[in-house]
Amino acid sequence: MLAPAMPLCSHTFYSHPENKEIADEYGIMITTSHCEPLLFNNLSSYEWRGDRDGEMKDVVLGFDNIKDYLPENNKTDFGASIGRYANRIANGRFVLDGDTIVLPQNNYGHCLHGGTDMGALGWQYRVYDATQPNDTTLVLNIIDNDGNNGFPGTVNASVIYTLASDNSLCIDYEATTDKPTIINLTNHSYFNLSGNPRETILDEQLMVVASNYTPVDSTFMTYGDIVPVKSTPFDFTAPRAIRDSIAVDNEQIRNANGYDHNFVLDHNNADLAATLYDSRSGIFMEVFTDEPGIQVYTGNFLDGTVTGKNGIAYPQRAAICLETQHYPDSPNKLQWPSVRLNPGETYRSSCRYRFSIQ
């Protein structure tokens with residue numbers, strides 16, 4: 001049985017040279033790295049107050065100070081909001097209204113997370129304007145100019161973090177543009193529900209509400225196929241330990257060196273998309289979204305060379321990312337849900353992480 005959600009007692013942000021917090025007395029505390037008066041775009045700490053023994057647990061990877069988040073020091077995406085296009089675009093190009101749009105090829109010949117090497121940083125490495133409309137909400141704003149990394153249109157985007165009374169962190173995205181463009185935003189938190197990232201997430205139990213997924217080649221690019229998960233290592237329709245399937249001799253697991261795949265969710269509204277459970281801490285996380293897909297990434301590129309909070313060198317599979325989003329390379333696969341945004345329209349996306357104890 002799940003323990004009932006503990007009530008939130010909201011707490012206002014306070015000034016500190018390295019972080020800000022939004023906290024509750026009994027449930028969750030969130031820390032965001034910042035540079036006063038602007039906020040750097042990372043959730044650096046997400047702490048669930050009370051595993052089954054009542055001990056506070058920090059359940060995301062990150063760094064102890066803002067300097068370590070700067071791209072000249074680490075390009076990790078820990079806790080970041082990703083834009084203008086999360087995930088990969090094949091060969092760093094797509095066609096929009098007859099024009100071929102050329103993007104950075106920063107990942108195996110493809111554009112990953114909006115690219116970083118055509119004169120503009122990806123959104124995950126940029127500083128956002130920040131406002132706090134109330135005790136439980138933080139609003140981050142960014143303007144991405146026309147032509148940045150090749151993307152058309154000036155985009156005005158907001159990421160809204162809200163602590164809810166059911167022990168949820170709600171992340172809502174909004175964006176507008178002055179020219180036709182594409183957009184696909186997500187959060188890139190690395191979760192380890194044990195609270196001890198020296199240990200891997202292999203024994204955590206994952207469930208994904210997805211009967212299908214999109215296979216990838218050896219450069220992590222989708223073929224364009226949507227295939228069933230049944231009788232494959234990608235069948236997480238019932239909770240199972242990640243360890244049980246990630247070691248299977250399977251071409252898709254080999255291609256990605258683990259899981260780095262888009263799962264095609266079985267719903268098209270703000271329903272449950274996935275759950276994650278750690279029996280060591282008893283922490284149970286549910287993921288809700290209105291997006292059509294969720295990228296499951298098992299920290300395959302972590303290798304012990306990045307030292308994070310408390311001086312811990314993060315090993316491979318120290319965390320798992322559950323990134324709610326549209327499918328990879330959707331601009332080149334017109335049969336998939338559209339990522340186009342036109343002037344006069346407002347892009348909206350929602351993700352919610354809800355925590356409890358089992």
Side-chain angles (χ1 to χ4, degrees), residues 10 12-13 19-22 28 30-44 46 60 66 69 77-87 113-115 120-149 151-164 168-189 269-270 287-294 322-326 330 337-353:
S10 52
T12 56
F13 291 95
N19 60 46
K20 287 187 177 183
E21 292 181 348
I22 183 170
I28 297 172
I30 299 168
T31 306
T32 52
S33 299
H34 85 295
C35 296
E36 195 70 42
L38 302 176
L39 197 79
F40 197 67
N41 178 33
N42 295 80
L43 286 180
S44 65
Y46 193 179
V60 294
I66 185 64
Y69 285 99
D77 301 339
F78 289 160
S81 291
I82 305 295
R84 174 180 311 196
Y85 192 92
N87 219 306
H113 296 334
L121 293 172
W123 291 15
Q124 66 270 44
Y125 305 126
R126 292 173 58 185
V127 175
Y128 285 46
D129 291 305
T131 58
Q132 185 191 350
N134 57 57
D135 288 349
T136 58
T137 304
L138 180 68
V139 180
L140 307 184
N141 295 287
I142 189 170
I143 296 176
D144 194 42
N145 291 328
D146 181 27
N148 273 0
N149 283 343
F151 288 96
T154 295
V155 167
N156 192 327
S158 298
V159 185
I160 306 163
Y161 296 103
T162 305
L163 279 181
S168 292
L169 172 64
C170 304
I171 309 175
D172 294 297
Y173 305 89
E174 295 182 357
T176 59
T177 181
D178 63 355
K179 292 181 182 178
T181 192
I182 60 169
I183 193 162
N184 188 31
L185 307 183
T186 194
N187 179 267
H188 212 297
S189 288
N269 52 40
V287 185
F288 300 84
T289 189
D290 55 4
E291 287 287 342
I294 186 168
L322 299 171
E323 309 162 50
T324 62
Q325 57 191 260
H326 273 54
S330 290
S338 176
V339 292
R340 180 181 177 123
L341 180 65
N342 294 311
E345 300 174 346
T346 300
Y347 165 89
R348 291 185 174 88
S349 177
S350 178
C351 173
R352 179 163 61 102
Y353 298 107

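No hydrogens, no waters, no symmetry mates; every other heavy atom, side chains included, goes into these values. None of the values given here were measured: they were computed from a predicted structure.
One distance of note links CG of Leu138 with CG of Asp135; it measures 12.0 Å at 0.5 Å rounding. Rounding to the nearest 0.5 angstrom, the gap separating the CG atom in Asn148 from the CZ atom in Phe151 is 10.0 Å. Rounding to the nearest 0.5 Å places CD1 of Ile183 at 6.0 Å from OH of Tyr347. For the atom pair OG (Ser189) and CG (Leu169), the distance works out to 8.0 Å, reported to the nearest 0.5 Å.
When His326, Glu291, Gln325, Glu174 are each tested for a side-chain hydrogen bond (donor to acceptor under 3.5 Å, both in side chains) with Ser349, only one passes: Glu291. Applying side-chain contact (heavy atoms from CB on, under 4.5 Å) to Thr289 and the options Leu322, Thr324, Ile171, Thr186 leaves one that passes, Thr324.
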Step-by-step side-chain contact (heavy atoms from CB on, under 4.5 Å) determination, Trp123 to Val155
CA-CA 12 Å; Trp123 291 15; Val155 167; 4.0 Å; yes
Intermediate values then yes/no, side-chain contact (heavy atoms from CB on, under 4.5 Å), Ile160 and Thr137
CA-CA 7 Å; Ile160 306 163; Thr137 304; 3.7 Å; yes
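Side-chain contact between Ile82 and Leu185 is absent, with no heavy-atom pair separated by less than 4.5 Å. In this structure the side chain of Cys170 never reaches within 4.5 angstrom of the side chain of Phe288, judged on heavy atoms.
In this structure Asp178 satisfies the salt bridge (Lys or Arg N to Asp or Glu O under 4.0 Å) test with no other residue, sequence neighbours excluded. When the ring-ring contact (aromatic ring centres under 6.0 Å, His included) test is applied to His113, the partners found at least two apart in sequence or on another chain are His188. Listed by chain and residue number, nothing satisfies the side chain to side chain donor-acceptor pair (under 3.5 Å) test with Thr177 (two or more places apart in sequence, or in another chain). Among residues two or more places apart in sequence or in another chain, the side-chain contact (heavy atoms from CB on, under 4.5 Å) test is passed with Thr176 by Asn156, Thr346. A search for side chain to side chain donor-acceptor pair (under 3.5 Å) contacts involving Asn184 returns nothing, not counting sequence neighbours. The side-chain contact (heavy atoms from CB on, under 4.5 Å) test applied to Arg340 returns Leu96, Asp97, Pro180, Ser338, Asn342, not counting sequence neighbours.
There is no side-chain donor-acceptor pair under 3.5 Å between Asp290 and Ser350. Side chain to side chain, Arg84 and Thr181 meet the donor-acceptor criterion of an N or O pair below 3.5 Å. With 3.5 Å as the limit, one finds no donor-acceptor pair spanning the side chains of Tyr173 and Asn187.
Salt-bridge annotation for Asp146 and Lys179: present, with a side-chain N of the basic residue lying under 4.0 Å from a carboxylate O of the acidic one. By the 4.0 Å N-to-carboxylate-O rule, Asp144 lies close enough to Arg126 to be salt-bridged with it.
A donor-acceptor contact shorter than 3.5 Å is absent between the side chain of Asn145 and the backbone of Thr154.
In terms of heavy-atom proximity, Gln124 sits nearest to Gly83 at OE1-O, 4.3 Å. In terms of heavy-atom proximity, Cys351 sits nearest to Val287 at SG-CG1, 4.3 Å. The two residues Tyr128 and Ile142 have their closest heavy-atom pair at CE1-CD1, 3.6 Å. The two atoms that bring Gly114 and Asn149 nearest to each other are O-ND2, 3.1 Å, heavy atoms only. Tyr161 and Ser81 make their closest contact through OH-OG, 3.1 Å (heavy atoms, listed as atom of the first residue, atom of the second, distance).
Among pairs with a residue in residues 151-163, none fulfils salt bridge (charged side-chain N to carboxylate O under 4.0 Å, His left out), at least two apart in sequence or across chains.
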